[in-house]
Amino acid sequence: MTIKTEYAFKGIESKWQKHWKKIKLFSADLSKYKNKYYCLMMFPYPSASLHVGHGRNYIIGDVVARYKIMKGLNVLTPMGWDAFGLPAENAAIKGNVRPHVSTGRNITTMKRQLAQWGVGYDWDKEVNSSKPEYYKWTQWIFLQLYKKGLAYKKKAAVNWCPSCNTVLANEQVVDGGCERCDTKVTQKELEQWFFKITDYAQRLLKDLDKLEDWPERVRIMQRNWIGRSEGVRIEFTVVDSDKILTCFTTRVDTICGATYMVLAPEHPWIGELIASAPNKKEIMAFVEHARSESMIKRSQLDVEKEGIFTGRYVVNPINGEKIPLWIANYVLMAYGAGAVMAVPTHDERDFEFAKKYDLPMRVVIDDPESHLEVSAMSGAYIDDGIMINSGGFDGISNKEAMEKIADYMESKNIGKRAVHYKLRDWLISRQRYWGAPIPVIYCDSCGIRQVPESDLPVLLPQDVEFKPHGESPLKTVKDFVEAKCPECGKKARREIDTMDTFVDSSWYYLRYLSSKNNNAAFDSKIADRWLPVDQYIGGVEHAILHLLYSRFITKVLYDLKLISFDEPFGNLFTQGMIVKNGAKMSKSKGNVVSPDDLIKKYGADTVRLYTLFIGPPERDAEWNDRGVEGAYRFLKRLYRLVVDVVEGKASTDESDEDDEQNKDLTRMIHATIKKVTEDMERDFHFNTAISSVMELVNKIYLVMGDKKVITEPVKKAAKTAVILLSPFVPHITEELWSMMGESESVFKSDWPDYDRNILQAEEITIVAQVNGKVRGRFTVALNASEKDLKDLILEDDSVKKWTGGRSPKKFIVIPNKLVNIVM
RNA sequence: GCCGGGAUGGUGAAAUUGGCAAACACGAUGGACUUAAAAUCCAUUGUCCGUUAAGGACCUGUGGGUUCGAGUCCCUCUCCCGGCACCA
């Protein structure tokens, strides 16, 4: 071939991108699963176009895929589109462009951008969650959950704009108002579909222990989100009533300090309990007020605690004491039983509330350091201590009392140990158009009926009128709403809610393996062979919801015996954000860096190299346009190096290879292979991998010298640099690889090995410290003995200057590294 | 408030097991090449003291501790980022 002496990236990049397509570099044969490696990147929402921050995710994935291909694995690296969702629908309402049109357009743009980056995928397996051939199976999965009793309907509060007369998603509520008309958003109870993820709370928690290769912080976040706590459920009888109120506490040791009880404003028994209260109206007014302010307001910052006395009393079962029953805004209906035994002396919230309403307090756990007096307390005492005022339990530690009291209550049948979780069921229905229709039908005589599997998919109509106001546009589509009851055949009505897009994304990793299968969501056999995913890569923003939902759906499918693994993702890597001027890249902030211009100016390899070199990939990084120049400079330098090596005069002097410089270079080749391989295998610290190859390149230039003497080690080192860089900068390295006479793609060659024996030089430099301060350096033989070191170093003049020639107190030797002379 | 993560030169960062702090880059300054510019190459570049130099002292957010030796381990405090947040 003819060699261009200048790095002309334009021709090089398009040439090799075409070549990879031709040789099907990224096509995985699913029937060959022996050395399978499933490399998965979180599939994107098709937004208008990508910026360099998005690119980081795909580039990291591409590096991993290319490296694993070179390691000889059968790599599957598919890509698809999480295409349903709000932005496309909002664009439709605003701009008169139908969601499937705008989505399709965005996908085209993004595919072009991905290709430009040189990121490779097996496009034969592409999925698009908004296509009927995909959402048919999302609906099928819904039906499987429904049949199992894991999908159910109940009333739940939604955000409601009274002016637009419509449901709002949380993202559409801005500062408590409607994003379109600013009207104050209220809460409205509507029938909603839920998945019973709470049935899986314990397993989702326990199996986190199995996911050892997940980042610890993600596991902690999931653990906190699931929020398991152990305690006791206690029954309090209501005085002059047949009602029994149940409450849950994790601090049963404080039960004798319970001086009142509190109900959530949403508690269903309130009406009945206050029916005969003289100030019934006043109480109901408070309850209404508290309920309407719930959710949004209550989840914002600290809300002043407010409450009202019901006029009722309940009996504390442990001591028969009558305590007042209150209603207060700080009690949540959704957790426990919506009722709380209040112990103001040992709970911050109860303390604050009791102070405000002047409720009684009693210390039951004493501070072992200094005796507690209620009148002197300025806050609750929540630490451990010694039991007092608790009848037969006095004198023991509260930890011990927890167990004793729980035992006692269970034996007397007035309480029972229980476990509670913060995790709530997954609300999956959306009053929105651009999502997978929920496949159920309402019949006046038969009730809720599932759409028969043979009738799937329930097609989302395309011809829909988008009006700026109102409910889901589906309501206006007569053909869609009108349906026949699958049971009795009578006229019935179709569900108009669609599914949360998290449902679509909770199973897509299965669909890639059977993307063209029209008879099933996935093929169990193929799934069992290829899953779990070997490496999952994505942003931390999905640390909780997406990953938890995917784990849940996988476990459900496992229980249905459709798959034989119960965790979807083996390794997880969460990459950091790329920020500019200290902020996340976004159009509104105007700090978006588009890859298109950069690629035009410097080429994709430069953008890739800079993105990878910017810092450790799990950390956030600041984008710096000038840094890109540096990456470009290095690639030009690399290109010239190979040109020199290929065109330069080979050394004729055989002694060259024995000279120290060349020996050093040979050692460095092996050290660099070791370093890069370890960074690839360990923690994806590509920044240090790249810097070590830069060092190798610098060394090659040094050894070649001005005369450009091409010795064997120089040739070998240049070739090694090229192959080690190939996963990061695939185009230029392919070009250089072929310039060096290779006929096959660099990705078809084996990843190099290193030789441990060559790594060590026979002479090394050892550092001499006196009292911990560096005072000299000595070249000594490898593994020199302590005696030899003493003889050499203690007699040296520059060291004697600091020791005064006296014999040291201690002589510490760290082999082949350092000695410390302690005077 | 609770739970994570972080703080190292002018900048991004490195230091893998407690063993030479600042590798590799960016930027800056000076120089070579050039009519000139770009590109490229060379040199210097943590701070302070020292006229230059030789040399020395000090440096990993703060203060303390363990150790022959601490960016790394332990305790205290400050600030920044992320998650959760009345979960009884």
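Every chain is numbered from 1 and lettered A, B, ... according to where its sequence line falls, protein lines coming before strand lines.
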Name the pairs: protein N/O against N/O of nucleotides 2-7 of chain B, kept only if under 3.5 Å.
none

Suppose you measure atom [atom1] in [N] against the same atom in [M]; what distance do you get, rounded to whole Å?
N     : M     : atom1 : answer
B/G46 : B/G9  : C1'   : 5 Å
B/G56 : B/A21 : P     : 14 Å
B/U34 : B/U45 : P     : 28 Å
B/C81 : B/G10 : C1'   : 23 Å

May I ask which nucleotide in the shown strands pairs with [N], Watson-Crick or G-U wobble, both distances under 3.5 Å?
N     : result
B/A38 : none
B/U62 : none
B/C2  : B/G83
B/U11 : B/A25

Regarding [N], can its base be found pairing with the side chain of [X] as donor and acceptor, where the two atoms are less than 3.5 Å apart?
X        : N     : result
A/Lys305 : B/C86 : yes
A/Arg682 : B/U16 : yes
A/Lys675 : B/U16 : yes

Ring-face cation of A/Arg637 near A/Tyr701 (centre distance under 6.0 Å, axis angle within 45°) | yes
Distance only, no hydrogens: is a donor on one side chain within 3.5 Å (strictly under) of an acceptor on the other, for A/Thr606 and A/Tyr7?
-> no
Please assess A/Arg619 against A/Gln575 for the test side chain to side chain donor-acceptor pair (under 3.5 Å), listing each intermediate value before the final yes or no.
-> CA-CA 7 Å; A/Arg619 283 236 291 266; A/Gln575 95 275 9; over 6 Å; no
Answer yes or no: are there more than 12 heavy-atom neighbours, outside [X] itself, under 6.0 Å from its atom [atom1]?
X        : atom1 : value
A/Lys356 : NZ    : yes
A/Arg233 : CZ    : no
A/Glu212 : CD    : no

In whole angstrom, give the distance that lies between atom OH of A/Tyr260 and atom P of B/A88.
-> 16 Å
To the nearest Å, give me how far apart CD (A/Glu629) and P (B/A28) are.
-> 11 Å
Using a heavy-atom cut-off of 4.0 Å across all strands, would you classify [X] as base, sugar-phosphate, or nothing?
X        : result
A/Lys422 : base
A/Ile614 : sugar-phosphate
A/Arg424 : base
A/Ser229 : sugar-phosphate
A/Glu695 : sugar-phosphate
A/Phe613 : base
A/Gly630 : sugar-phosphate

Classify the angle between the aromatic ring planes of A/Phe353 and A/Tyr357 as parallel (below 30°), tilted (30 to 60°) or perpendicular (above 60°).
-> tilted
Which nucleotide wins on minimum distance to the side chain of [X], given the candidates [options]?
X        : options             : answer
A/Thr250 : B/G19, B/A88, B/A25 : B/A88
A/Leu818 : B/C20, B/C24, B/A88 : B/C20
A/Ile812 : B/C41, B/G19, B/A88 : B/G19
A/Met221 : B/G83, B/A25, B/C20 : B/G83
A/Lys636 : B/U40, B/G83, B/A88 : B/U40
A/Ser691 : B/C24, B/G27, B/A88 : B/C24

Distance below 4.0 Å between [X] side-chain N/O and [N] OP1 or OP2:
X        : N     : value
A/Arg637 : B/A39 : no
A/Asn698 : B/A25 : yes
A/Asn687 : B/G12 : no
A/Tyr335 : B/A88 : yes
A/Thr688 : B/A13 : no
A/Arg626 : B/A25 : no

Closest-nucleotide 5' rank along RNA chain B - winner of A/Glu678 and A/Gly627 | A/Glu678
For this output row, return yes or no: ring centroids of A/Trp426 and A/Phe194 closer than 6.0 angstrom.
-> no
Among A/Phe613, A/Tyr639, A/Tyr602, A/Tyr610, which residue meets the ring pair (Phe, Tyr, Trp, His ring centres under 6.0 Å) test with A/Tyr632?
-> A/Tyr602
Identify every side-chain donor-acceptor pair in residues 537-546 of chain A under 3.5 Å, counting partners at least two apart or on other chains, and give the distances.
| residue | atom | partner | partner atom | Å |
| --- | --- | --- | --- | --- |
| A/His546 | NE2 | A/Tyr536 | OH | 2.7 |

